[in-house]
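Below is one structure, written out as structure tokens, with a few remarks after it.
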There are 2 protein chains.
Amino acid sequence: MANSESGDSVVDRIVRVIAAFPDGVSTLQLSELAGRSGLPLTTAHRLVRQLAQHGLVDLGDGGSVRLGLRLWELVNRNSPALVLRQAALPFMEDIQQVLNQNVNLAVLDGWEVLFVERLSRRGSVANRAQIAGRMPVHISSAGVALMAFKPKGVQGEYLEQFADPSGRLSRRDMRSLLAETNLQGYAQLAGVVDPDTWGIAVPVLDRKRNALAALGVVVPLQEMRLHALVPALQTAARGIGRQLGNAAL
Amino acid sequence: MANSESGDSVVDRIVRVIAAFPDGVSTLQLSELAGRSGLPLTTAHRLVRQLAQHGLVDLGDGGSVRLGLRLWELVNRNSPALVLRQAALPFMEDIQQVLNQNVNLAVLDGWEVLFVERLSRRGSVANRAQIAGRMPVHISSAGVALMAFKPKGVQGEYLEQFADPSGRLSRRDMRSLLAETNLQGYAQLAGVVDPDTWGIAVPVLDRKRNALAALGVVVPLQEMRLHALVPALQTAARGIGRQLGNAAL
DNA sequence: GCAGTGCTTCCATTGAATGGAAATTCCGCT
DNA sequence: AGCGGAATTTCCATTCAATGGAAGCACTGC
């Protein structure tokens with residue numbers, strides 16, 4: 001027993017604390033937090049109290065813990081994701097108004113897509129791509145659109161390790177899917193998540209034609225009108241790209 | 001020279017790092033970060049590297065540092081601000097479409113208002129209330145709307161310490177402003193920030209009539225139509241409140 | 001009133017954090 | 001290309017902040 005039995009640094013433990021919240025859950029009891037983060041109760045308690053002093057977490061009655069407003073504030077004021085969001089939101093709203101479909105914006109992180117923003121069609125059922133949610137590249141049209149416009153090297157590495165656990169998609173399939181997407185300029189994926197929906201996505205490119213993000217829609221199969229959708233998305237994506245060019249990334 | 005010359009704990013220092021970014025700036029050089037956070041260069045370097053290992057910050061070429069995508073993800077997946085945002089966004093979009101004005105959503109944090117979400121009128125000039133931005137309560141209609149529906153005790157404490165640096169608003173004025181707002185059910189503030197705009201805001205109440213948030217619009221003076229605006233806002237606020245009642249706060 | 005659960009305080013132990021100094025890399029300038 | 005200055009990164013002896021078990025306290029349900 002000593003300074004950190006487990007060999008963690010303090011930084012490691014702070015990360016454990018703020019990463020301990022399961023998806024979409026914003027409140028935990030101290031003891032549950034300790035359990036989930038794998039920290040001794042006493043240590044969790046001490047850390048939480050310290051973090052609370054700075055507002056990185058907020059404490060409720062009876063030992064309830066939630067991520068702090070101040071943390072939210074700091075992150076949402078200075079995160080690079082915000083620059084992207086800021087640039088994209090007006091265009092996304094246009095698309096949403098014109099097409100009345102779920103619109104989303106995603107970036108690549110590792111070999112997964114991270115959804116940065118999403119506008120729901122009013123009244124639509126909760127769709128899978130939650131904000132700050134992740135999906136494997138090959139499951140989402142946004143992922144395919146992004147990967148298809150990444151540099152050759154990145155694509156190579158990706159394909160190298162690619163393996164569809166369901167076995168439905170071979171590496172060769174994936175390679176040709178990316179190639180085709182690059183050629184067409186947009187990705188379309190028939191309802192992988194939900195069998196009755198299609199995903200269409202286009203890349204947001206910087207001046208070097210490198211994909212920064214992907215802009216996509218999810219539409220019910222019967223409302224699928226590719227010829228109307230794709231140009232609208234591409235126009236918007238171009239607008240976002242231009243906007244980003246102006247802002248310092 | 002020893003363990004922390006300044007008497008900071010590690011937690012303190014991590015906070016310094018992530019709070020060191022000035023408003024809206026997402027990238028800093030390591031040395032600048034060290035300077036701004038008041039940490040010795042070596043220490044800043046060590047911390048940043050550790051944080052980067054967990055993705056709480058991302059490192060660019062040549063020592064550039066930015067807040068990490070993973071941090072953004074964690075916060076935006078589990079922060080209580082998100083529950084609010086999620087509940088409010090559809091209603092905000094409705095308002096924005098119908099009225100075509102800047103719509104914003106704010107909560108109270110300390111004696112300041114924190115803007116949680118904002119939809120810009122398309123083409124409008126950048127307005128002051130940025131997302132994750134703060135304003136003193138008495139400067140913003142959202143602030144007044146919030147404070148007017150907080151419990152008596154909180155209002156008392158607020159008035160206790162209230163002092164308008166500009167001297168334009170006395171404590172007595174503030175008190176009657178709050179009372180009047182509570183009576184009317186909405187707050188209106190003539191262009192404090194920008195002389196040609198008005199702010200109108202209504203509280204989002206929980207079942208105990210305690211204000212959780214405020215929903216507001218900023219409109220150019222000449223487009224001001226109170227009789228149309230207020231009912232629309234109130235309806236939306238009620239909807240948001242109902243939605244929040246369902247979700248576990 | 002009692003048992004059980006969970007939060008909080010206390011404190012001796014010790015290795016993780018510290019930061020000056022030196023090595024290295026990067027970058028602008030000639 | 002080659003040089004000079006400023007930045008980043010590595011190294012490592014010193015030391016106190018972090019650690020977590022144990023005991024105390026508060027709250028809840030039976």
Side-chain angles (χ1 to χ4, degrees), chain A residues 1-22 25-68 71 80 248-249, chain B residues 1-22 25-68 71 78 80 248:
Chain A
M1 68 218 86
N3 229 344
S4 164
E5 181 154 299
S6 56
D8 287 355
S9 69
V10 178
V11 172
D12 294 332
R13 311 189 136 199
I14 290 175
V15 174
R16 281 181 187 240
V17 168
I18 74 176
F21 294 81
V25 173
S26 60
T27 304
L28 284 178
Q29 284 307 106
L30 176 59
S31 51
E32 196 181 353
L33 180 63
R36 285 186 175 275
S37 56
L39 296 174
L41 181 59
T42 312
T43 301
H45 178 250
R46 177 167 28 84
L47 280 179
V48 161
R49 231 180 349 156
Q50 278 183 295
L51 290 169
Q53 248 161 36
H54 295 282
L56 294 211
V57 306
D58 289 337
L59 301 180
D61 294 336
S64 77
V65 184
R66 51 181 60 189
L67 293 185
L71 178 58
L249 188 74
Chain B
M1 65 224 81
N3 231 345
S4 163
E5 180 154 301
S6 56
D8 287 355
S9 69
V10 178
V11 172
D12 293 333
R13 310 188 137 201
I14 289 175
V15 175
R16 281 180 186 240
V17 168
I18 74 176
F21 293 81
V25 173
S26 61
T27 305
L28 284 178
Q29 284 307 108
L30 176 59
S31 52
E32 197 180 354
L33 180 63
R36 284 185 175 276
S37 57
L39 296 174
L41 181 59
T42 311
T43 302
H45 176 252
R46 177 167 27 83
L47 280 179
V48 161
R49 231 182 347 159
Q50 279 182 294
L51 290 169
Q53 249 160 35
H54 296 281
L56 294 212
V57 306
D58 289 339
L59 300 180
D61 295 336
S64 77
V65 184
R66 52 181 61 188
L67 294 185
L71 178 59
N78 299 309

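No experiment lies behind these values; they were computed from the predicted model shown. Letters A, B, ... mirror the listed sequences (proteins, then strands); counts begin at 1.
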Worksheet item: Over how many whole Å does the gap from B:L30 atom CG to D:dT10 atom C1' extend?
Response: 13 Å
Worksheet item: In residues 47-56 of chain A, what residues come within less than 4.0 Å of DNA chain C, judged by heavy atoms?
Response: A:R49
Practice prompt. With DNA chain C as reference, determine whether A:V10 or A:G62 sits nearer its 5' end, using the nearest nucleotide of each.
Written response: A:G62
Discussion item. Tell me whether the side-chain N/O atoms of B:S9 come closer than 4.0 Å to OP1 or OP2 in D:dA17.
Written reply: no
Worksheet item: Taking CD1 from B:I14 and P from C:dA17, how many angstroms apart are they, rounded to a whole number?
Response: 9 Å
Practice prompt. Please report the closest heavy-atom contact between A:L33 and A:A20, naming both atoms and the distance.
Written response: CD1-CB, 3.4 Å
Worksheet, complete the sentence: From CZ of A:R36 across to P of C:dG6 the rounded distance in Å is 14 Å
Worksheet item: What nucleotide, of D:dA22, C:dG20, D:dA18, holds the atom closest to the side chain of A:T42?
Response: D:dA22
Item to complete: Apply the test side chain to side chain contact (heavy atoms under 4.5 Å, CB included) to residues B:I18 and B:L56: give CA-CA distance (whole Å), side-chain angles for both, the deciding distance (0.1 Å), then the verdict.
Response: CA-CA 9 Å; B:I18 74 176; B:L56 294 212; 5.9 Å; no
Worksheet item: For B:H54, which residues count as a side chain to side chain donor-acceptor pair (under 3.5 Å) partner, sequence neighbours excluded?
Response: A:D12
Practice prompt. Could you pull out the closest heavy-atom pair between B:Q29 and B:G62, with the gap in Å?
Written response: NE2-O, 2.9 Å
Worksheet item: What is the distance, rounded to the nearest whole Å, between atom NE2 of B:H45 and atom P of D:dC11?
Response: 11 Å
Fill in: Nearest heavy atoms of B:Q50 and A:S9, plus distance in Å
NE2-OG, 3.1 Å
Fill in: Phosphate OP1/OP2 of D:dA18: any A:R13 side-chain N/O under 4.0 Å
no
Discussion item. In this structure, how many angstroms lie between the C1' atom of D:dA7 and the CG atom of B:L33, rounded?
Written reply: 14 Å
Worksheet item: Side-chain N or O of A:R46 less than 4.0 angstrom from OP1 or OP2 on D:dT19?
Response: yes
Discussion item. Under 4.0 Å, heavy atoms only, any strand: does A:S31 hit a base, just the sugar-phosphate, or nothing?
Written reply: sugar-phosphate
Practice prompt. Under the side chain to side chain contact (heavy atoms under 4.5 Å, CB included) rule, what do B:L71 and B:D58 come out as? Steps first, then yes or no, please.
Written response: CA-CA 10 Å; B:L71 178 59; B:D58 289 339; over 6 Å; no
Fill in: Closest non-hydrogen atom pair, B:P80 against A:L67
CD-O, 3.4 Å
Response to the item:
One would report the end-axis bend of the helix from C:dG1-D:dC30 to C:dT30-D:dA1, five pairs per end and rounded to 10 degrees, as 60°
Worksheet item: Quick one: is A:Q29 getting a side-chain N or O under 4.0 Å of the C:dC7 phosphate, OP1 or OP2?
Response: yes
Worksheet item: Please give, in whole Å, the distance from C:dA17 C1' to A:D8 CG?
Response: 15 Å
Worksheet item: Given the rule in the side chain to side chain contact (heavy atoms under 4.5 Å, CB included) test, do B:V65 and B:T27 qualify, once you have shown the distances and angles that lead to the verdict?
Response: CA-CA 6 Å; B:V65 184; B:T27 305; over 6 Å; no
Worksheet item: Nearest-Å distance, CG (B:L41) to P (C:dT18)?
Response: 14 Å
Worksheet entry | Rounded distance (Å) that lies between atom P of C:dG6 and atom CG of A:L59 | 18 Å
Worksheet entry | Within-4.5 Å side-chain heavy-atom neighbours: A:D8 and A:R16 | yes
Fill in: Shortest non-hydrogen separation from B:R36 to B:P22 and the atoms involved
CZ-CG, 3.6 Å
